[in-house]
Amino acid sequence: MITLEIWLLISLSAYYSIYKKTFIELSISMPIAYIPLIIVIAFNYLTIEYKDNWKKYNIEFANYSKNKNQIGGWIVFGIILLIISNLIYSFYLMGEVDWSKYR
């Protein structure tokens, strides 16, 4: 789950750099490189891990019917494919820009 959220952040930053036509060079000393990561990890911890909230979700989903679980599984699979294809497409768009004009 964290990986998908990070990929979504990466694709959003790629779209931002394409839209603004700015070259973003990231390094570990720059806060923009690790602050979004800290926010994603904190959000996941507070919503899922804190006080074992994941157990409540597990029990709730275990009580669903087989049909409802299959529909939910396909929805989640579709969202995962959408995020991955979005990341790949944003990299493709970044490759199409002539960055030598904007550096």
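The chain is numbered in sequence order, starting from 1.
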Is it the case that one hydrophobic cluster holds both [X] and [Y], taking links as side-chain heavy atoms less than 4.5 Å apart, direct or via other members?
| X | Y | result |
| --- | --- | --- |
| Ile39 | Ile2 | no |
| Ile75 | Leu81 | no |
| Ile84 | Phe91 | yes |
| Leu8 | Leu82 | no |
| Tyr89 | Tyr19 | no |

At what distance, to the nearest 0.5 angstrom, does [atom1] of [X] lie from [atom2] of [Y]?
| X | Y | atom1 | atom2 | answer |
| --- | --- | --- | --- | --- |
| Ile6 | Ile83 | CD1 | CD1 | 12.0 Å |
| Trp74 | Ile79 | CH2 | CD1 | 14.0 Å |
| Leu12 | Trp7 | CG | CH2 | 14.5 Å |
| Thr3 | Ile80 | OG1 | CD1 | 10.5 Å |
| Leu87 | Leu9 | CG | CG | 11.0 Å |
| Ile18 | Met94 | CD1 | CE | 6.0 Å |

Q. Can you find a pair of side-chain heavy atoms, one from Glu5 and one from Asn44, that are under 4.5 Å apart?
A. yes

Q.
A side-chain contact here means heavy atoms from C-beta on lying under 4.5 Å apart; do Asn86 and Tyr15 qualify?
A. yes

(Q) Using the ring centroid of each side chain, check whether Trp54 and Tyr57 are separated by less than 6.0 Å. (A) no

Q.
Would you say OH of Tyr64 has more than 12 non-hydrogen atoms from neighbouring residues, nucleotides or ligands within 6.0 angstrom?
A. yes

